[in-house]
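What follows is one structure encoded as structure tokens, with my remarks underneath.
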Amino acid sequence: MYRPLPNELTIKNSKIEGLGLFATKKIKKNSFIGLTHIRDEMFEGKYIRTPLGGFYNHSKDSNIMKMVSDVIPKFNFGDEIDPTKKIEPLKDGKNDRENLYFNLKEKPEAKYMFIVSTTDIESGDELVADYTLYAFN
């Protein structure tokens, strides 16, 4: 059965604004949470939001951050990601790919956006990012 969100997340009323994205289980720091946006020039802001990308709110006390990639991330929910690590170039004979993921400030025109936890997030906590529309810290 199709589920638009991972089992570890739910949408409910937010104290910040409207609806928010909440953890249903503990999420460890530096965990991959999921794909939030896919670049498409035909849409306002040049991105299509996934269900995951439509429900987290803004807060200066963020517990998630945006990462970006030009290839679809092959992570599962909870996989550990080092957001400071740069990936070395891959030479696979067909494609020369480098820097598979970045902080959004370093590559604002990336094909995919995804979120990573920046702190341990307890069950029941709202997931929040420090952002202004499509500019993320």
Side-chain angles (χ1 to χ4, degrees):
M1 182 168 114
Y2 172 72
R3 288 188 45 87
L5 296 176
N7 289 331
E8 295 83 358
L9 301 174
T10 192
I11 298 166
K12 60 184 184 178
N13 290 326
S14 169
K15 291 180 182 176
I16 297 171
E17 182 180 350
L19 298 174
L21 191 61
F22 290 81
T24 60
K25 297 179 181 174
K26 183 175 182 170
I27 302 169
K28 292 182 182 178
K29 180 180 179 176
N30 296 331
S31 291
F32 176 80
I33 295 172
L35 190 66
T36 61
H37 295 75
I38 301 168
R39 188 164 183 83
D40 188 321
E41 299 288 329
M42 293 175 38
F43 286 81
E44 181 181 355
K46 299 181 183 178
Y47 284 95
I48 300 169
R49 283 187 292 190
T50 69
L52 183 64
F55 289 99
Y56 57 86
N57 281 307
H58 164 76
S59 174
K60 292 288 184 191
D61 297 320
S62 63
N63 56 14
I64 59 173
M65 71 177 286
K66 281 288 184 187
M67 299 291 291
V68 296
S69 177
D70 283 328
V71 295
I72 195 161
K74 300 288 185 190
F75 303 110
N76 293 314
F77 186 97
D79 286 351
E80 186 176 346
I81 293 178
D82 179 354
T84 64
K85 181 180 177 185
K86 296 293 180 206
I87 294 180
E88 297 297 320
L90 280 174
K91 305 284 185 186
D92 65 7
K94 297 178 185 173
N95 300 304
D96 292 337
R97 297 176 290 161
E98 61 179 280
N99 296 326
L100 294 181
Y101 60 86
F102 300 83
N103 182 296
L104 184 61
K105 288 181 181 179
E106 298 167 345
K107 189 167 180 64
E109 302 291 316
K111 179 72 176 166
Y112 303 99
M113 291 186 194
F114 58 97
I115 51 177
V116 176
S117 59
T118 58
T119 64
D120 286 343
I121 301 170
E122 299 298 325
S123 179
D125 287 352
E126 185 170 4
L127 279 66
V128 291
D130 187 5
Y131 70 91
T132 304
L133 193 56
Y134 288 99
F136 300 85
N137 294 326

**Study point:** Value rounded to 0.5 Å, distance of CG in L127 from OG1 in T10
**Key:** 11.5 Å
Review point. Less than 4.5 Å apart, any side-chain heavy atom of Y56 and any of T36?
Key: yes
Check your understanding: Any side-chain heavy atom of I33 within less than 4.5 Å of one from V116?
Key -> no
**Study point:** Separation of E122 CD from I27 CD1 (nearest 0.5 Å)
**Key:** 10.0 Å
Check your understanding: Does K60 offer a backbone N or O that forms a donor-acceptor pair with the side chain of D130 under 3.5 Å?
Key -> no
Exercise for review: Can you run down the side-chain hydrogen bond (donor to acceptor under 3.5 Å, both in side chains) pairs that involve residues 17-28, sequence neighbours left out, and say none if there aren't any?
Suggested key: none
Exercise for review: Quick one: pull up CZ in R39 and OH in Y112 and give me the separation to the nearest 0.5 Å.
Suggested key: 12.5 Å
Exercise for review: Decide side-chain contact (heavy atoms from CB on, under 4.5 Å) for D40 and K46; before the verdict, give the C-alpha distance in whole Å, the side-chain angles of both, and the deciding distance to 0.1 Å.
Suggested key: CA-CA 5 Å; D40 188 321; K46 299 181 183 178; over 6 Å; no
Review point. Distance from F32 atom CZ to K74 atom NZ, nearest 0.5 Å?
Key: 11.0 Å
Check your understanding: Is the backbone N or O of A23 less than 3.5 Å from a side-chain atom of D125, with the two atoms forming a donor-acceptor pair by type?
Key -> no
Study note, to complete from the structure: Heavy-atom closest pair (A110 atom, Y47 atom, distance to 0.1 Å) is O-OH, 2.6 Å
Practice item. Could you check if a side-chain atom of F114 sits within less than 4.5 angstrom of a side-chain atom of L52, using non-hydrogen atoms only? Key: no
Check your understanding: Side chain of S31, backbone of D79: donor and acceptor closer than 3.5 Å?
Key -> no
Check your understanding: Between D120 and K29, is there a donor-acceptor pair closer than 3.5 Å when you use the side chain of the first and the backbone of the second?
Key -> yes
Revision key, fill the gap. For M113 and V68 the tightest heavy-atom approach is CG-CG1, 3.8 Å
Point to revise | Separation between CG of L9 and CG of L21, rounded to the nearest 0.5 Å | key: 5.0 Å
Review point. Do H37 and I48 come within less than 4.5 Å of each other through their side chains, counting heavy atoms only?
Key: no
Review point. Would you say L5 and F77 are hydrophobically clustered, going by side-chain heavy atoms of ILVMFWY under 4.5 Å?
Key: yes
Check your understanding: Does the S117 side chain pair with the main chain of N30, one donor and one acceptor, at a distance under 3.5 Å?
Key -> yes
Revision key, fill the gap. Minimal heavy-atom distance between I16 and H58, with the atoms involved, is CG2-O, 3.7 Å
Check your understanding: Could you give the distance from CG (L35) to CE (M67), rounded to the nearest 0.5 Å?
Key -> 13.5 Å
Point to revise | Close side-chain approach of I64 and I121, heavy atoms under 4.5 Å | key: yes
